[in-house]
Amino acid sequence: MNIRKGEKKDMKAVLELIQELATFEKEPDAVVVTVADLERDGFGDNPLFHTFVAEVDGRIVGTALYYYRYSTWKGKTIHLEDLIVKEEMRGSGLGFALYSKIIEQGKIDNVRRIEWAVLDWNTPAIDFYIKSGAKVLDDWRVAQMDENGIKEFLNRQ
C-alpha cells in the first residue's frame, strides 16, 4: 500500500472512485463532474482541492479529497470532502491510512479544525469517526443550494 499526493494523471481513477461512492450513497446519477473538471480545478495556479491517493499494486483504490476553509471562530481549517475506498478494499486498513494522512496534513498546516460530513445512516463510518476521537455533531444541519436553486433565487431578485 502506498499513500501519496494525487497527481493530474490520477484524476480518471479518482472520478471512478467518486462514481463508486455516489452509487454507495444511493445517488448513482448525481455525479456531473468530469475528469477535465478535476484536472482544471485541482491542478492550476490556485487549486480548489487537493488529494491523496492510495495505491495497491500500482492501482489507485482509494482517495481523500480535501480543501482549505476559513472559520470565523477558529481560523484555517481543512474540509475533508470525501474519503473513498473501493468496496473490495474496505476493511484492509486503507481508509484508516488515508484518514491518518489527512490528519497529518492538518497538523503540518497548523489548522485548528478538520471537518467533514457523514450520512446519518452510515453507522460504520460514524462509529469509526467517534472511535478515532472525532465529534459527530447532532445539532447542525447541512444546507445546500443546487444550480436550479441558484437560478430560481436570482430570478426572484
Side-chain angles (χ1 to χ4, degrees), residues 1-69 77-106 109 111 113-132 134-138 140-153:
M1 176 185 342
N2 179 38
I3 307 290
R4 62 172 174 79
K5 283 269 192 192
E7 300 172 14
K8 195 175 195 177
K9 68 181 176 66
D10 301 325
M11 293 305 102
K12 182 178 184 296
V14 168
L15 182 57
E16 290 169 4
L17 288 163
I18 291 168
Q19 187 61 59
E20 184 172 324
L21 176 65
T23 300
F24 172 76
E25 291 184 352
K26 301 174 179 69
E27 292 201 50
D29 300 322
V31 178
V32 296
V33 73
T34 66
V35 172
D37 292 334
L38 293 170
E39 290 174 348
R40 179 194 64 234
D41 297 340
F43 298 92
D45 291 337
N46 195 13
L48 298 177
F49 67 88
H50 306 276
T51 59
F52 289 107
V53 295
E55 292 178 311
V56 173
D57 298 327
R59 191 177 125 220
I60 294 174
V61 293
T63 191
L65 190 144
Y66 67 99
Y67 54 89
Y68 296 93
R69 292 174 62 174
T77 68
I78 283 178
H79 181 82
L80 173 58
E81 180 64 21
D82 279 316
L83 192 156
I84 311 165
V85 175
K86 280 200 142 316
E87 186 173 7
E88 70 264 16
M89 298 302 297
R90 292 183 193 144
S92 68
L94 203 142
F96 182 79
L98 284 165
Y99 182 72
S100 298
K101 199 71 168 169
I102 292 293
I103 295 170
E104 289 169 14
Q105 189 66 47
D109 293 336
V111 301
R113 180 172 68 208
I114 300 170
E115 55 203 4
W116 59 94
V118 60
L119 291 167
D120 61 358
W121 55 260
N122 192 349
T123 52
I126 292 168
D127 293 344
F128 169 79
Y129 295 141
I130 291 170
K131 186 177 176 185
S132 78
K135 296 176 189 166
V136 177
L137 307 176
D138 291 328
W140 282 82
R141 303 275 181 173
V142 175
Q144 296 180 335
M145 186 179 289
D146 64 13
E147 290 174 282
N148 191 49
I150 294 167
K151 182 180 171 185
E152 287 182 15
F153 176 86

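FYI, the numbering just counts along the sequence from 1.
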Check whether any side-chain N or O of [X] sits under 3.5 Å from a backbone N or O of [Y] as a donor-acceptor pair, and report yes or no.
| X | Y | value |
| --- | --- | --- |
| Gln19 | Val31 | no |
| Asp146 | Asn148 | yes |
| Asp10 | Glu7 | yes |
| Thr63 | Phe52 | yes |

In Å and rounded to the nearest 0.5 Å, what is the [atom1] to [atom2] distance from [X] to [Y]?
| X | Y | atom1 | atom2 | answer |
| --- | --- | --- | --- | --- |
| Ile103 | Ser132 | CD1 | OG | 5.5 Å |
| Glu55 | Arg4 | CD | CZ | 4.0 Å |
| Asn122 | Tyr129 | CG | OH | 7.5 Å |

What do you reckon, is NZ of Lys131 surrounded by more than 12 foreign heavy atoms closer than 6.0 Å? no
With a 6.0 Å cut-off (strictly less than), is the heavy-atom count around CH2 of Trp121, excluding the residue itself, greater than 12?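 Yes - once you tally the heavy atoms of other residues, nucleotides and ligands closer than 6.0 Å, there are more than 12.
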Can you find a pair of side-chain heavy atoms, one from [X] and one from [Y], that are under 4.5 Å apart?
| X | Y | answer |
| --- | --- | --- |
| Arg59 | Lys86 | yes |
| Met11 | Thr51 | yes |
| Lys5 | Gln105 | yes |
| Leu38 | Phe49 | yes |
| Phe24 | Ile84 | no |
| Ile114 | Tyr66 | no |

On a heavy-atom basis, which atom in [X] and which in [Y] lie closest, and how many Å separate them?
| X | Y | value |
| --- | --- | --- |
| Phe43 | Gly6 | CE2-O, 3.6 Å |
| Thr123 | Asp120 | CG2-O, 4.4 Å |
| Val53 | Ile60 | CB-CG2, 4.1 Å |
| Pro28 | Thr23 | CB-OG1, 3.7 Å |
| Ala54 | Leu94 | CB-CD2, 3.3 Å |
| Lys12 | Val35 | CA-CG2, 3.8 Å |

What class does the angle between the rings of His79 and Tyr67 fall in, given that below 30° is parallel, 30 to 60° is tilted and above 60° is perpendicular? tilted
Look at the rings of Tyr99 and Phe96 and say which category their plane angle falls in: under 30° parallel, 30 to 60° tilted, over 60° perpendicular. tilted
Check ion pair Glu147-Lys151 (N to O, under 4.0 angstrom):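 Between Lys151 and Glu147 there is no salt bridge, as every charged N stays at least 4.0 Å from the carboxylate O atoms.
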Test side-chain contact (heavy atoms from CB on, under 4.5 Å) on Trp116 and Leu83; report intermediate values, then the result. CA-CA 10 Å; Trp116 59 94; Leu83 192 156; over 6 Å; no
